[in-house]
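These numbers come from a predicted model, not from an experiment.
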Amino acid sequence: MTDSPLNRPLREQHAGLRSGKLTATALVEASLEAYRARGQQDHAYLTWNGEAARETARATDAVLASGGDTGPLMGLLVSIKDIYAVPGFPTYAGSARRLPRDWELPGPVISALLSQLPSVMGKTHTVEFAFGGLGTNAHWGAPRNPWDQVHHRTPGGSSAGAGVSLIGGTASLALGTDTAGSVRVPASMTGVAGLKTTVGRWSTSQIVPLSATLDTPGLLANCVDDLAFAFDALDGSLTTRPSSVPAPPELADLTFGVPEAYFWEDCSPGIAESVQAAIRQLEAAGARIVTLDLPRTDEVFTLFQQGGLAAVELAAFLKTQLPEAIESLDPNVAARVKAADDIPGWEYVRRCDVLRPLSASAADCLTRVDALLTPTVTLTPPTLESLDPDGAYPRANMQALRNTVVGNFMGLCGLTLPVGKDADGMPVGLQVLASPWQDARLLAIGQAMEDRLGNGRAILGTPPLQ
């Protein structure tokens, strides 16, 4: 599928649809071909919409042929995490049971997306109620990370099928959510780019909640430029502070902070080396690299290990809205939800209060640089078998989310882009963190970095399963 039109940049697909050199139907046919070739093996989708998408694409082509244009995403192929309410699709949120039909009524993000008439290829797998960073699911199974043809490795979570749908050639844009890293972790582990938006920028209405305090919608795509294109297509109708992605700055005009502490601990072989090599390339291109440690990162991780806010807030949602789902929870999710019973109300309030000074200290620190650079994930994607022994899953899950959760608890926006492979041949991501509400500029900075480092396909090549 290396010659698939879905591998072309979104801007090129957009232009081709309007010039007549490309059709929405051709894009869907390429997706159907990829799904037939490897869809069962990838296991990216809970609900596949291929045949219906073909009919939508034909109607889209007719509108385009008559001069109609419903927006930049018209005719482009999208996958949607099965935590968003989407008309015509059941919502399971990774659980064993279909959620009530109210969870099929669109919220603002899906309404903004669907108004542009993209081809929705299906709903992708998620960790149950998005509560996990590895991508496993006891009810539906885990999508396969496409970079290992021998072992079934985790794809990252909780947006488990999102990155797999991109690498597998069935979509060019994926919608995910991020509460502790659930966009950036799967993007890093599958070798694509991912954006965590600032909390509150885009509405979470009609997105099944994990943490009402920390949840934020996000995007995954084959490269940062694709993220910038999609962000511009959606942001104007979703925020009271719309801002278009500016032109990429010159690297020589940028100062990047690189921490010495916390973010480099316990890296699997090859991860730190790949990230450091990328940083050296940026420095050689003129970027100024300074040492900068975010304050109180150990406090963030301690809070996360204690359950943060998500355990309590998910428990509250389930007990009040979906009590019947509790008895059948994935054991890895059930253990964390049950632990919330032992957290008193005063402790939950204390944790909420801690987030405000954490965010303020991070925002103050980042005024000294344009962005902070770290490894996205310090753990090579583990095999499913390695997670079987007692205690193995929680240890791996905590490590997978260790670097990304800092951005959530400190109220930052974040980006990841692929920069190489680790010693096991698995993708490595570079995390770029910036102050809140700097999403558009962060994407421009990411574009400048990508122009120097290359996009994921140029750096990583083609997965062995393709």
Checklist outcome for this item: Rounding to 0.5 Å, atoms CG (Leu373) and CD1 (Ile289) come to a distance of 6.0 Å

Checklist entry - So do Asn137 and Thr126 actually touch side chain to side chain, heavy atoms under 4.5 Å? => result no

Next on the checklist: Under a 3.5 Å cutoff, is there a donor and acceptor pairing between the side chains of Thr204 and Asp215?
Outcome noted: no

Next on the checklist: If I take atom CZ from residue Arg201 and atom CG from residue Leu238, how far apart are they, to the nearest 0.5 angstrom?
Outcome noted: 9.5 Å

Checklist entry - With under 30° as parallel and over 60° as perpendicular, where do the rings of Trp202 and Phe231 fit, or are they tilted in between? => result parallel

Checklist entry - Could you walk me through whether Thr91 and Glu104 pass the side-chain hydrogen bond (donor to acceptor under 3.5 Å, both in side chains) check? => result CA-CA 7 Å; Thr91 298; Glu104 295 167 29; 5.5 Å; no

Item to check | For Asn397 against Gly133, the heavy-atom pair lying closest together | outcome: OD1-N, 2.6 Å

Item to check | Evaluation steps, side-chain contact (heavy atoms from CB on, under 4.5 Å), between Asp293 and Tyr262 | outcome: CA-CA 8 Å; Asp293 285 301; Tyr262 183 83; over 6 Å; no

Checklist entry - In terms of side-chain heavy atoms, does Asn455 have a donor or acceptor partner in Asn222 at a distance below 3.5 Å? => result no

Item to check | Non-hydrogen atoms of Ala44 and Val164 that approach each other most closely | outcome: CB-CG1, 3.8 Å

Next on the checklist: Quick one: does any side-chain atom of Arg395 pair with a main-chain N or O of Leu387 as donor and acceptor, under 3.5 Å?
Outcome noted: no

Checklist entry - Is any side-chain heavy atom of Asp330 closer than 4.5 Å to a side-chain heavy atom of Phe131? => result no

Next on the checklist: Restricting to non-hydrogen atoms, name the atom on Ser435 and the atom on Cys413 that form the minimum distance, rounded to 0.1 Å.
Outcome noted: O-SG, 3.3 Å

Next on the checklist: Can a donor-acceptor pair be found, under 3.5 Å and without considering hydrogens, that links the side chain of Gln206 to the backbone of Leu105?
Outcome noted: yes

Next on the checklist: Using modelled atom types and a 3.5 Å cut-off, is there a donor and acceptor pairing between side-chain atoms of Tyr84 and backbone atoms of Gly176?
Outcome noted: yes

Item to check | Minimum-distance pair of heavy atoms, taken over all atoms of Leu76 and His14 | outcome: CD2-N, 4.2 Å

Item to check | Heavy-atom donor-acceptor pair, Gln116 side chain to Leu73 backbone, under 3.5 Å | outcome: yes

Item to check | Lys NZ or Arg CZ of Arg402 over Phe304 ring: under 6.0 Å, within 45° | outcome: no

Item to check | Minimum side-chain heavy-atom gap Val185-Thr376 below 4.5 Å | outcome: no

Checklist entry - Would you say Lys196's side chain and Val183's backbone share a donor-acceptor pair under 3.5 angstrom? => result no

Checklist entry - Is Thr378 reaching over with its side chain to a backbone N or O of Cys267, donor-acceptor style, under 3.5 angstrom? => result no

Next on the checklist: Angle between ring planes, His125 versus His43, binned at 30° and 60°: parallel, tilted or perpendicular?
Outcome noted: tilted

Item to check | Charged N-O contact under 4.0 Å between Arg280 and Glu283 | outcome: no

Item to check | Closest contact, heavy atoms only, Trp264 versus Val258 | outcome: CZ2-CG1, 3.9 Å

Checklist entry - Counting only heavy atoms not in Arg8, do more than 12 sit closer than 6.0 Å to its CZ atom? => result yes

Next on the checklist: Using the rule given for side-chain contact (heavy atoms from CB on, under 4.5 Å), can you reason through Lys81 versus Ser158, listing the C-alpha separation, both sets of side-chain angles and the distance that settles it, and then say yes or no?
Outcome noted: CA-CA 9 Å; Lys81 181 179 183 178; Ser158 63; 2.7 Å; yes

Checklist entry - Do the side chain of Asp364 and the main chain of Ala360 share a donor and acceptor less than 3.5 angstrom apart? => result no

Checklist entry - Does the side chain of Ser172 reach to within under 4.5 Å of the side chain of Asp226, using non-hydrogen atoms? => result no

Item to check | Greater than 12 external heavy atoms within 6.0 Å of Glu250's CD | outcome: no

Checklist outcome for this item: Rounded to the nearest 0.5 Å, the CG atom of Leu219 sits from the CG atom of Leu175 at a distance of 5.5 Å

Next on the checklist: What I'd like to find out is whether the side chain of Asp102 reaches to under 4.5 Å of the side chain of Gln321, using heavy atoms alone.
Outcome noted: no

Next on the checklist: Are the side chains of Glu313 and Tyr348 in contact, using a 4.5 Å heavy-atom criterion?
Outcome noted: yes

Next on the checklist: If I take atom CG from residue Leu214 and atom OG1 from residue Thr177, how far apart are they, to the nearest 0.5 angstrom?
Outcome noted: 12.0 Å

Next on the checklist: Using only atom types and a distance under 3.5 Å, with no angle test, would you say the side chain of Glu450 pairs donor to acceptor with the backbone of Leu417?
Outcome noted: no

Next on the checklist: Run the side-chain contact (heavy atoms from CB on, under 4.5 Å) test on Val300 and Leu294 for me, step by step, so that the C-alpha distance in whole Å, both residues' side-chain angles and the decisive distance to 0.1 Å come before the verdict.
Outcome noted: CA-CA 11 Å; Val300 166; Leu294 277 179; over 6 Å; no

Checklist entry - Would you say the side chain of Leu415 lies within less than 4.5 Å of the side chain of Leu443, judging by non-hydrogen atoms? => result yes

Next on the checklist: Could you measure the distance from the CD atom of Gln399 to the OG1 atom of Thr380? Nearest 0.5 Å is fine.
Outcome noted: 10.0 Å

Item to check | Chi angles and distances behind the side-chain contact (heavy atoms from CB on, under 4.5 Å) call for Trp140, Leu46 | outcome: CA-CA 8 Å; Trp140 303 103; Leu46 176 64; 3.4 Å; yes

Next on the checklist: Quiz question: by atom type and distance under 3.5 Å, do the side chains of Asp439 and Thr197 form a donor-acceptor pair?
Outcome noted: no

Checklist entry - Counting N and O atoms only, with roles assigned by atom type, does the side chain of Arg153 sit under 3.5 Å from a partner on the main chain of Pro381, one being a donor and the other an acceptor? => result yes

Next on the checklist: Closer than 3.5 angstrom, by distance alone: can the side chain of Ser188 be matched with the main-chain N or O of Arg184 as a donor-acceptor pair?
Outcome noted: no

Item to check | Heavy-atom side-chain contact between Ser268 and Met426 under 4.5 Å | outcome: no

Checklist entry - Quick one: is the NZ or CZ of Arg351 closer than 6.0 Å to the six-membered ring centre of Phe409, and within 45° of its axis? => result no

Item to check | Atom pair CG (Leu10) and CG (Asp232), whose distance is rounded to the nearest 0.5 Å | outcome: 12.0 Å

